[in-house]
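Just so it is clear, the model here is predicted, and its values are computed rather than measured.
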Amino acid sequence: MRLDRYISQTTGLSRKDAKLAIRRGRVSINGTVVTTPEHSVGADCEVTLDDQTLRAPAARYFMLHKPPGVVCSTSDPQNPTVLGLLDEPRIEELHPVGRLDIDTTGLVLLTDDGQWSHAITSPKRHQPKTYYAELAEPLLPELIEKFKKGMMLHGEDKRTLPAELEIIGEKAARVTITEGRYHQVKRMFAAQGNHVVRLHREAIGAVRLDPELQPGDYRALTDEEVESLR
């Protein structure tokens, strides 16, 4: 985290005042005066302002049951956002981990821990995400192998990674993917001549949407859930 942001978060100073304090030599990291606001602060650094040690607020981690009609964004001029469903201090410091389409429901993670968020969304991690899908047309058993082998999507030149398809009803399925391509689940079914009429995310990695959460409700993640995705 940048030093000026760290100072602002731990003291309540504006970013402007935090930068001024740094440039005036009032801030030290591990006993050495630092005058550059862009300086990076590590987790094991001791930061002082006017010889007073600062303590960063603990990182926050939430799961939200996203309802339809809400966007996974920190701000939107036309639609309600997932942040608007939270009743938390310093709401502007939180962000959704990845995105769901406006009409897709289910599990959304939110945090103010950028490193944790990146570890989940990084393409190199291939973090599995599981969805429940309802389709317009009946599902054929041969689709299971097609999802497993990967497929070409319209407008792309690279096959999808292997995905797991479990047919659980004539027009219902559970899909697990390890990528985050744009509208991927919908486009995979479209490539096979079908149309998703409802999509609901059930899990990210080992973290499953709490069945006690109604649409629009949220709760803090447990320590075990946080660590499972780190």
Drop me the distance from [X]'s [atom1] to [Y]'s [atom2], to the nearest 0.5 angstrom.
X    : Y    : atom1 : atom2 : value
L165 : E145 : CG    : CD    : 11.0 Å
L199 : T104 : CG    : OG1   : 4.5 Å
Q9   : R90  : CD    : CZ    : 7.0 Å
E179 : H126 : CD    : NE2   : 7.5 Å
I144 : L139 : CD1   : CG    : 9.0 Å
I29  : I22  : CD1   : CD1   : 8.0 Å

With clusters defined by side-chain heavy atoms of hydrophobic residues (ILVMFWY) lying less than 4.5 Å apart, directly or transitively, does [Y] cluster with [X]?
X    : Y    : answer
I167 : Y132 : no
I120 : F62  : no
V71  : L94  : no
I204 : L85  : no
I102 : V185 : no

Assess whether a salt bridge exists between R219 and E225, defined as any Lys/Arg side-chain N lying under 4.0 Å from an Asp/Glu carboxylate O.
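So R219 pairs with E225 through a salt bridge.
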
No-hydrogen, no-angle side-chain donor-acceptor test under 3.5 Å, Y131 and Q184:
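Absent: no donor and acceptor within the cut-off.
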
Please find the pair of heavy atoms, one from [X] and one from [Y], that lie closest to each other, and give the distance.
X    : Y    : answer
R15  : S8   : CD-CB, 3.8 Å
C72  : L100 : SG-N, 3.3 Å
T81  : S73  : CB-O, 3.2 Å
Y218 : E88  : OH-OE2, 2.8 Å
D217 : L64  : O-CD1, 3.3 Å
K171 : A136 : NZ-O, 3.4 Å

Quick one, [X] and [Y] - any side-chain contact, counting heavy atoms below 4.5 Å?
X    : Y    : result
M188 : L153 : yes
R2   : K19  : yes
K186 : D103 : yes
M151 : T160 : yes
L49  : Q52  : no
L135 : V196 : yes

Could you tell me whether the side chain of [X] and the main chain of [Y] form a donor-acceptor pair under 3.5 Å?
X    : Y    : result
R187 : Y182 : yes
D210 : E212 : yes
R174 : E166 : no
N194 : F189 : no
K129 : Q127 : yes

Under 3.5 Å donor-acceptor pairs involving side-chain atoms of residues 105-114, not counting sequence neighbours:
unit_1, atom_1, unit_2, atom_2, d
T105, OG1, H200, ND1, 2.7
T111, OG1, R60, O, 2.7
T111, OG1, D113, N, 2.9
D112, OD1, R60, N, 2.8
D112, OD2, R60, NE, 2.9
D112, OD2, R60, NH2, 3.3
D113, OD1, Q115, N, 3.2
D113, OD1, W116, N, 3.1
D113, OD2, Y61, OH, 2.5

Return yes when atom NE2 of H118 has more than 12 non-hydrogen atoms of other residues, nucleotides or ligands closer than 6.0 Å, and no otherwise.
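Not buried by this count: 12 neighbours or fewer within 6.0 Å.
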
For a side chain to side chain contact (heavy atoms under 4.5 Å, CB included) check, start with the C-alpha distance between T121 and V97, then their side-chain angles and the critical distance, and finish with the verdict.
CA-CA 7 Å; T121 58; V97 181; 3.7 Å; yes

With side chain to side chain contact (heavy atoms under 4.5 Å, CB included) as the criterion, how do E202 and R208 come out once you've worked through the C-alpha distance, each side chain's angles and the decisive distance to 0.1 Å?
CA-CA 6 Å; E202 298 179 331; R208 303 193 64 82; 3.6 Å; yes

Testing L3, V33, L54 for side chain to side chain contact (heavy atoms under 4.5 Å, CB included) with V27, which one passes?
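Going through L3, V33, L54 one by one, the side chain to side chain contact (heavy atoms under 4.5 Å, CB included) with V27 is satisfied by L3 alone.
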
Give every residue pair that meets the side chain to side chain donor-acceptor pair (under 3.5 Å) criterion with at least one member in residues 22-48, sequence neighbours excluded.
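Listed once each, the pairs are R26-D50.
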
